[in-house]
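Every chain is numbered from 1 and lettered A, B, ... according to where its sequence line falls, protein lines coming before strand lines. Model, not experiment: these values are computed from the prediction.
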Protein chains: 4
Amino acid sequence: MQLFAERGYQDVSVNDIASLARVGKGTIYTYFSEKEEILEACVSFIFRSFVEGIKKALRQSKDVESFLDTFVDTFLVDVHINSRVLFAFHRRVHKDKKKYECVSGEYRKMMESFYNKYRGEIKVDFKSMYALFTSFLMASYLAYESMEPELLKGVVKKGLFYSITSSPK
Amino acid sequence: MQLFAERGYQDVSVNDIASLARVGKGTIYTYFSEKEEILEACVSFIFRSFVEGIKKALRQSKDVESFLDTFVDTFLVDVHINSRVLFAFHRRVHKDKKKYECVSGEYRKMMESFYNKYRGEIKVDFKSMYALFTSFLMASYLAYESMEPELLKGVVKKGLFYSITSSPK
Amino acid sequence: MQLFAERGYQDVSVNDIASLARVGKGTIYTYFSEKEEILEACVSFIFRSFVEGIKKALRQSKDVESFLDTFVDTFLVDVHINSRVLFAFHRRVHKDKKKYECVSGEYRKMMESFYNKYRGEIKVDFKSMYALFTSFLMASYLAYESMEPELLKGVVKKGLFYSITSSPK
Amino acid sequence: MQLFAERGYQDVSVNDIASLARVGKGTIYTYFSEKEEILEACVSFIFRSFVEGIKKALRQSKDVESFLDTFVDTFLVDVHINSRVLFAFHRRVHKDKKKYECVSGEYRKMMESFYNKYRGEIKVDFKSMYALFTSFLMASYLAYESMEPELLKGVVKKGLFYSITSSPK
DNA sequence: AATGAATGAGTGTTCATTCAT
DNA sequence: TATGAATGAACACTCATTCAT
């Protein structure tokens with residue numbers, strides 16, 4: 001994850017990974033059948049942490065606002081690394097919907113739980129809401145390096161709240 | 001631009017570009033001294049269109065809201081291609097601030113004009129405002145494929161308006 | 001000649017030649033059908049100057065020693081450039097005896113005149129004498145940069161005189 | 001060495017080397033980090049053999065003449081290949097004195113030992129002597145193909161002896 | 001006659017992947 | 001199971017040569 005975050009997918013060689021992991025290059029292929037699988041594993045790991053974040057937020061929240069409060073805090077932990085890895089992945093599997101769904105399936109399901117739980121408050125359809133979450137959260141990576149963390153959190157929280165609860169008229 | 005948008009920088013070979021352009025590989029090097037220069041030219045082209053958009057929006061606007069109204073419409077033309085190319089570029093020149101400033105300089109200046117013109121309404125500092133524009137606009141790429149264009153425009157306009165004019169408290 | 005002397009054959013591009021000559025690249029091909037012909041023309045030019053040198057030396061000399069005195073002086077003019085060009089050529093046409101004989105034919109004939117004129121003094125066969133001239137003169141390039149010109153001339157004159165007039169026993 | 005000797009540096013591709021060595025092109029890069037390093041390795045190998053030759057000659061000799069007798073015999077072994085490789089190298093690193101000194105350093109030191117041991121007999125300064133050795137020995141390559149080996153050896157031995165022991169007046 | 005834009009074969013080099021040990 | 005030497009397809013880039021103007 002460290003390497004993919006620092007340099008993206010293409011600029012990291014299997015050798016780099018093996019070196020950092022202090023194993024032989026061949027050993028990598030005992031556990032992954034190709035380089036892309038390593039990236040997938042990283043992304044799965046990240047999505048699992050998102051799932052945990054949503055679970056926790058769902059448990060502790062009583063409305064969309066309090067959900068976002070907990071979730072965004074969780075999400076923005078490690079945003080520096082996570083989002084870069086996700087970008088690398090996004091670019092990479094762009095057309096291979098299957099692969100994407102495979103690693104993000106559980107996350108999507110949790111988002112559905114959230115959608116269903118607060119269906120009353122949410123004014124956009126699920127697809128749009130999902131897209132808005134993705135967009136806002138990804139965008140926070142781009143802004144991350146130039147903005148105060150607290151300001152960023154505020155913007156993301158309010159921005160998300162605003163866009164999914166206002167009726168688009 | 002088409003190729004960089006579809007596949008990013010690394011997954012496009014100079015040969016691919018030459019083939020699509022129906023010229024010989026060598027011909028490319030008559031006009032660009034290295035592959036990266038092609039990407040830079042694309043990005044410069046995009047930024048020039050942004051600059052035009054801002055100029056027009058500044059001329060026609062009388063407040064932040066009307067500015068955003070015009071600007072976002074202009075910006076979201078070709079967002080499909082533009083933002084992917086910008087992403088490819090972003091990843092690529094990430095650390096080479098010089099190169100980035102070189103192509104985005106004029107755009108930044110126009111944003112400064114906007115900032116100065118409506119300084120009264122805008123509640124965040126310039127750096128944050130710039131980061132927010134970048135983030136929102138980039139993020140619209142990610143959302144673009146899953147959302148209704150009109151819905152997206154609305155979200156971006158309101159989201160931007162909201163995040164730069166609310167005091168972060 | 002300047003370029004070939006400075007950089008050898010391969011490190012000089014047709015473009016370099018055209019630029020230095022202040023003509024278009026295409027113009028080169030009006031006068032030479034391929035790059036190698038340019039080198040050949042240079043070498044022909046050099047050999048013609050050698051031929052002149054031998055002619056003059058033959059006219060003015062009455063024995064091997066006085067011949068060498070005149071010839072070596074003539075030869076070592078421009079040795080810096082000439083020998084580098086000849087080296088470039090030598091390497092290049094190494095196996096193509098035809099090409100070599102073509103440009104050096106007249107020079108060889110003059111050497112034969114010299115050989116025949118002073119056959120009494122010369123103790124090696126023509127082939128060896130020819131090889132020794134070539135060797136000594138070429139070698140002077142390698143020594144040229146580290147030795148006093150006058151010392152070099154002395155060594156070449158005496159070395160040549162010695163090696164062709166001593167009987168090899 | 002065979003390929004560099006036959007065709008020089010530029011006309012040998014890494015592919016040619018790999019093919020002749022019956023290994024994959026990539027394998028070459030496991031052992032050499034760039035093409036030039038291969039040439040350097042060849043030249044180092046040759047210089048090591050020269051160093052051995054001088055050591056042996058110094059051990060067995062009691063004057064300049066007997067030194068040359070042993071040394072030239074050693075030197076002219078493989079002259080066919082060695083000198084062509086050295087020429088390729090000479091042209092190549094011509095301006096990069098560092099690289100040249102790096103591979104020829106030990107050889108130069110041995111020549112200094114020789115110079116110091118027989119300082120009484122030698123009439124030129126070290127630099128000139130070194131240049132003369134280089135020139136004569138290199139020149140023997142050019143003559144090699146047209147002269148009887150024994151005749152050549154004789155010429156080189158006597159030529160060298162003569163040029164370094166006669167006072168240049 | 002002079003040009004230089006266009007070309008593509010050829011180069012050095014990288015790197016994901018394989019496989020014998 | 002762990003390894004890294006070996007591999008060759010693929011890449012960015014160069015340059016002698018052509019040819020329409």
Using the closest heavy atom to pick a nucleotide of DNA chain E for each, name whichever of C/R22 or A/E34 lands nearer the 5' end.
-> C/R22
Carboxylate-amine/guanidinium contact D/E36 D/K99, below 4.0 Å = yes
For E/dC15, give its Watson-Crick or G-U wobble partner with both distances under 3.5 Å, or none.
-> F/dG8
Once the angle between the rings of C/F47 and C/Y100 is folded into 0 to 90°, is it parallel (under 30°), tilted (30 to 60°) or perpendicular (over 60°)?
-> perpendicular
For the pair made of CD in B/E37 and P in F/dA12, what is the distance, rounded to whole Å?
-> 15 Å
Any donor-acceptor pair under 3.5 Å between the side chain of D/K25 and the base of F/dT7?
-> no
Options E/dG12, F/dA16, F/dC13, nucleotide nearest the side-chain atoms of D/K35 = E/dG12
Residue whose nearest DNA chain F nucleotide is more 5′ - D/I28 or C/E36 = D/I28
Which part of the nucleic acid, if any, lies within reach of D/Y31 when heavy atoms closer than 4.0 Å are counted: base, sugar-phosphate only, or nothing?
-> sugar-phosphate
Is the shortest side-chain N to carboxylate O distance from C/R84 to C/E6 below 4.0 Å?
-> no
Can you check the C/I38 CD1 to F/dA16 P distance for me, whole Å?
-> 9 Å
Starting at CZ of B/R7 and ending at P of F/dA10, how long is that distance when rounded to a whole Å?
-> 14 Å
Taking F/dT17, E/dA16, E/dT13 as options, the one with an atom nearest any side-chain atom of C/Y29 is F/dT17
Which of the following nucleotides, E/dA2, E/dT13, F/dA6, is nearest to the side chain of D/T30?
-> F/dA6
Hey, would you say the C/F87 and D/F87 ring centroids sit under 6.0 Å apart?
-> yes
Is there a side-chain polar atom (N or O) of C/S13 under 4.0 Å from OP1 or OP2 of F/dC15?
-> no
Length of the CG-C1' vector between C/L39 and F/dA16, whole Å | 15 Å
Using the closest heavy atom to pick a nucleotide of DNA chain F for each, name whichever of B/N15 or D/V23 lands nearer the 5' end.
-> D/V23
Looking at every strand, decide which applies to C/G26 at a 4.0 Å heavy-atom threshold: base, sugar-phosphate, or nothing.
-> base
OH (B/Y9) and CD1 (B/I38) are apart, to the nearest 0.5 Å, by 7.5 Å
Mind calculating the distance between CD (B/Q10) and P (E/dT14) to the nearest angstrom?
-> 14 Å
Searching all strands shown, indicate the nucleotide that pairs with F/dA2 (Watson-Crick or G-U wobble; both distances under 3.5 Å).
-> E/dT21
Given atom CD1 of A/I17 and atom C1' of E/dT17, what is their separation to the nearest angstrom?
-> 13 Å
Do B/D16 and B/S13 have side-chain N/O donor and acceptor atoms under 3.5 Å apart?
-> yes
Round to a whole Å and report the spacing from CG of A/D16 to P of E/dT14.
-> 13 Å
Between CZ of A/F32 and C1' of E/dT18 the distance, given in whole Å, is 18 Å
Tell me whether the OP1 or OP2 atom of F/dA5 has a side-chain N or O from D/T27 closer than 4.0 Å.
-> no
